[in-house]
Amino acid sequence: MQDHKLGRRNIAIVGPYGSGKTSLLESLLADLGAINRPGRVEAGNTVGDSAPEARSRQMTVEINVASTASLTFLDCPGSVEFQQETWNALIGVDGAIVVCEADPDRALTLAPIFHFLDSWEIPHCVFINKLERATEARWQATLDSLRSCCSRPLVAQQYPLFQGDRAVGFVDLISEQSCSFGEALNLPLSMAETAARNTLLETLANYDDHLLEELLEEIEPPVEEILDDLRQDVSADLIVPVLTGSAQLHWGISALLAALQQEMPTPAETVQHRRLIPCDRPVAQVLKTFFHPQAGKLSLVRLWQGELQEGDTLDGDRPSGIYRLMGDQLQSVQQARCGEIVALGRMESALTGDSLGLDAVDSPLPRVAIQTPVYALALTPERRSDEVKLGQCLRRLQEEDPSLQWEQHGDTHEVILWGQGEIHLQVALDRLRRKYNLPMTTHLPQVPFRETIRSAVSGVHGRYKHQTGGHGQFGDVYLDIQPLPRGEGFRFQETVVGGVVPRQYIPGVESGVREFLERGPLGFPLVDVEVTLTHGSYHSVDSSEQAFRQAARLAMQSGIPAAEPLLLEPILQVELFAPAVFTSAMLRLLSGHRGQILGYESCDNREGWDQVSAYLPQAEMQALGIELRSVTQGVGFFHWRHSHLAEVPERLQQQLLSDRS
């Protein structure tokens, strides 16, 4: 009855790769009685990470959902390469558990997670995991480091107890009761624990004048009042409580569950916090799209308003079924209540982030921006017969993961798959092979170099004469060729007088010039060139547009080498973002990749972070993304856009041309 009234809370489990999120999900499900015993990631028998791509790598690569009677958990990827999955899911939850280890050196990896949670005002707590590997000093140092990454006051709700270097339990700082990990404890609060409790109470008092008066008058507040203040402040995303334990050893799991059920907002409170206008009709948002072997296309949705019955329609689509998920297992249900996260079958037109069930006058629910891709591979099917279905399969992959993008490049004619890193793309390629029987060979994409010229040449002559016994072919042209300013492209003009080249043949001259420009003498398209037709001659019988096209090609073929051709490369404007402690590393990184630094400044919306702007050759971009993460503990990221073309340095130009020969 309580579950029906309060709703099934939706809780995301987030944290960096390797922090133990999937193991924590197993312990939570076991404690709730949803599974008989916790699985192990190493054994490949967990509820989460059921996909072969996840189990082979022993890492979460997509959202895993586990619904119980009172809580629905979303186990989210920790790798920055799959961050889009996590962000898409987080906007549909009531609260989040941020999982980390007691390692102060890795605390900074949580900065992007805290920033996203704070930006979207999603209530969350921290669970410091793997306590069996910690010491009291490292635990405290981790807590201090986390505070520097979180814009909300971060306070310990529990304080670990150690005997020597071995964790034996924790103290609940609200009730002051000790909890043991296997042995009886009845210990008074130490100085450190007392100080931590005072910090908790003082933080709560910042939002409650009555509690502040009690503390000033040295009145011990009742436990119920402290709990009520804590619940209100966590639910309103004002503070972040810190709990501790070990998912692998099942330490602190019951206390964590109690905190989730007592402190995290109910679905109805989340709706109110999001300031959604109440209505009776079903309104939902798609958190993820995926293709199930039996059920087909599934849309994981958060139902924000109303109830959804089997047979109802949303935006003109009637779901083929309503399902609760437990890993890769589907449970068909007759209805979904407001606040639930369920999967809807065969909503063919629904995409990740879409709002469903809104009237035309309603504003769509906020959605997460798609991350800028930073890494690319060119794809070729191993079997030529698979080329026809490649586009359709890539579109399906992109439906499941919007941070993947693909294109058929207009210049290189390569099919290019873009993503967030090498592992991200390898997982996508594994899915192509497993789900669609589409094995690929890959290589790094070609850089779309261009050619141009340094100098002008005049009176370049091209004559095409061909006699075959009947009507022949004759075209005769004189061209002036000169460079244009960078970015002007191509311009064709004619100054012929006296009809030496009849008007009907001039389009053929331009076509011949354009055809030559598609591949210059260095092997790349020619740009920023002006060609002027100045003179020529024709034959009244044998001339044709085709003949003048060939004459123009011959003229260009002899004239361009004399105009000093040179190689151009695409230059990107990039903005790099990272904590200010890494600014010097970012500057060195850019300099080492032929970057031209434009400047750097503090980020407006990220305290303690810097933004570095630079021009960077596109040829250097693949390495930049990988190395930026390496020098910034995985938290640095960058945006890019095409800026201009620039001359390739002579030494590099010779190397490129030598490699192509």
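In this text, all values refer to a predicted model and were calculated from it rather than measured experimentally. Values reported hereafter were calculated over all heavy atoms of this structure, with side chains retained and with hydrogens, waters and symmetry mates removed.
- Defined by atom type and a distance below 3.5 Å, a donor-acceptor pair is missing between the side-chain atoms of Q473 and Q550.
- A salt bridge does not link E53 with K435: none of the charged nitrogens is closer than 4.0 Å to a carboxylate oxygen.
- Here the CD-OG distance, from Q285 to S299, works out to 12.0 Å after rounding to the nearest 0.5 Å.
- Taking every heavy atom of both residues into account, A376 and P445 meet most closely at O-CD, 3.4 Å.
- Distance alone, capped at 3.5 Å, is enough to place a donor-acceptor pair between the T452 side chain and the V527 backbone.
- Although no hydrogens or angles enter the test, the distance criterion places no donor-acceptor pair under 3.5 Å between the side chain of T534 and the main chain of T495.
- Contact check for Y436 versus D386: no side-chain heavy atoms found under the 4.5 Å cut-off.
- Looking at heavy atoms from C-beta onward, K297 lies out of side-chain contact with M347 at the 4.5 angstrom threshold.
- A heavy-atom distance below 4.5 Å is found between the side chains of F490 and V531.
- Around CZ of R454, the count of heavy atoms belonging to other residues, nucleotides or ligands within 6.0 Å exceeds 12.
- Residues H593 and E627 bring a donor and an acceptor atom of their side chains to less than 3.5 Å of each other.
- Summarising the local packing, NZ of K465 is surrounded by 12 or fewer heavy atoms from other residues, nucleotides or ligands at distances under 6.0 Å.
- Taking a 6.0 Å sphere around CZ of F492, one finds it holds more than 12 heavy atoms contributed by other residues, nucleotides or ligands.
- Nearest heavy-atom pair, T372 versus H639, reported as atom, atom and distance to 0.1 Å: OG1-CD2, 3.6 Å.
- Formation of a donor-acceptor pair under 3.5 Å by the T46 side chain with backbone atoms of V41 is not found in this model.
- By the neighbour-count criterion of 12 heavy atoms within 6.0 Å, atom CZ of R383 is densely surrounded, having more than that number from other residues, nucleotides or ligands.
- Proximity of a side-chain donor or acceptor of E451 to a complementary backbone N or O of F524 within less than 3.5 Å is detected.
- Note on ring orientation: taking the six-membered ring where Trp is involved, the planes of W609 and F637 are tilted (angle from 30° to 60°).
- When each of L590, V374, L589 is checked for a side-chain contact (heavy atoms from CB on, under 4.5 Å) with L628, only L589 meets the rule.
- Few gaps surround CD on Q408; more than 12 heavy atoms of other groups in view lie less than 6.0 Å from it.
- Closest approach of V477 and H461 over heavy atoms only: O-CD2, 3.2 Å.
- Remark: the Q84 side chain and the N88 side chain contain an N/O donor-acceptor pair separated by less than 3.5 Å.
- Atom CG of D75 sits about 9.0 Å away from atom OG1 of T86, to the nearest 0.5 Å.
- For the residue pair P565 and I560, the shortest heavy atom distance occurs at CD-O, 3.5 Å.
- Using the six-membered ring where Trp is involved, Y464 and H466 have ring planes that are parallel, under 30° apart on the 30 and 60° scheme.
- Atom CD of Q596 is separated from atom OG of S591 by 10.5 Å, given to the nearest 0.5 angstrom.
- Considering only heavy atoms from C-beta on, L397 stays 4.5 Å or farther from W406 through its side chain.
- By the 4.5 Å heavy-atom criterion applied to side chains, R106 and C100 are not counted as neighbours.
- The aromatic rings of F548 and Y505 sit parallel, their planes meeting at an angle under 30°, below the 60° perpendicular limit.
- The closest donor-acceptor contact from the side chain of W640 to the backbone of P373 lies under 3.5 Å.
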| Going through the checks in order, is the side-chain contact (heavy atoms from CB on, under 4.5 Å) test met by V427 and E81? | CA-CA 11 Å; V427 167; E81 297 191 22; over 6 Å; no
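- A distance of 5.5 Å separates CG in L394 from CG in L432, rounded to the nearest 0.5 Å.
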| said: Let's go through R433 and M440 carefully: what are the C-alpha distance in whole Å and the side-chain angles of both, what is the deciding distance for side-chain contact (heavy atoms from CB on, under 4.5 Å) to 0.1 Å, and is it a yes or a no? | reply: CA-CA 8 Å; R433 180 186 293 270; M440 293 283 131; over 6 Å; no
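- A salt bridge links R450 to D411: one of the charged nitrogens lies within less than 4.0 Å of a carboxylate oxygen.
- Within 6.0 Å of OH in Y600 there are 12 or fewer heavy atoms belonging to other residues, nucleotides or ligands.
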| request: Show the numbers, then the answer: is there a side-chain contact (heavy atoms from CB on, under 4.5 Å) between V501 and Y478? | output: CA-CA 10 Å; V501 177; Y478 290 83; over 6 Å; no
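- In summary, the side chains of E414 and H443 do present a donor paired with an acceptor at a separation below 3.5 Å, with no hydrogens or angles considered.
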| Test side-chain contact (heavy atoms from CB on, under 4.5 Å) applied to C149 and L108, step by step | CA-CA 6 Å; C149 304; L108 191 59; 4.0 Å; yes
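- The side-chain heavy atoms of V415 and E387, taken from C-beta on, include no pair separated by under 4.5 Å.
- Listed here is the closest heavy atom pair of Q618 and P448: NE2-CD, 3.6 Å.
- A cation-pi contact links R396 to F291, judged by a cut-off of 6.0 Å to the six-membered ring centre and 45° from its axis.
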| request: Take E564 and S455, measure what side chain to side chain donor-acceptor pair (under 3.5 Å) needs, and give me the verdict at the end. | output: CA-CA 6 Å; E564 300 181 80; S455 60; 3.1 Å; yes
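- A donor-acceptor distance shorter than 3.5 angstrom exists from the side chain of S558 to the backbone of A555, with no hydrogens or angles considered.
- Put simply, the side chain of Q83 does not reach to within 4.5 Å of the side chain of Q420, judged on heavy atoms.
- With sequence neighbours left out, the side-chain hydrogen bond (donor to acceptor under 3.5 Å, both in side chains) criterion links S537 to D476.
- Residue R431 forms a salt bridge (Lys or Arg N to Asp or Glu O under 4.0 Å) with just one option from E399, E62, E400, and that option is E62.
- Remark: side-chain polar atoms of K21 are not paired, donor with acceptor, to backbone N or O of I13 under 3.5 angstrom.
- Between R486 and D528, at least one side-chain N (NZ, or NE/NH1/NH2) sits under 4.0 Å from a carboxylate O, which counts as a salt bridge.
- Under the 4.5 Å side-chain criterion, counting only non-hydrogen atoms from C-beta, L287 is not in contact with I63.
- Atom-to-atom distance recorded for H292:NE2 and L298:CG is 6.5 Å, nearest 0.5 angstrom.
- For the pair T352 and P402, the tightest heavy-atom approach, listed with the atom from each and the gap, is CB-CG, 3.9 Å.
- Note on ring orientation: taking the six-membered ring where Trp is involved, the planes of F82 and H424 are perpendicular (angle over 60°, cut-offs 30° and 60°).
- Remark: D604 CG is loosely packed, at most 12 non-hydrogen atoms of other residues, nucleotides or ligands lying under 6.0 Å away.
- The line from CD1 of I423 to OH of Y375 is 10.5 Å long, rounded to the nearest 0.5 Å.
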Give every donor-acceptor pair under 3.5 Å between a side-chain atom in residues 566-584 and any protein atom, sequence neighbours left out.
from : atom 1 : to   : atom 2 : distance (Å)
E569 : OE1    : R594 : NH2    : 3.1
E569 : OE2    : R594 : NH1    : 2.7
Q573 : OE1    : R641 : NH2    : 3.4
Q573 : NE2    : E575 : OE2    : 3.4
T583 : OG1    : A580 : O      : 3.0
T583 : OG1    : D610 : OD2    : 2.7

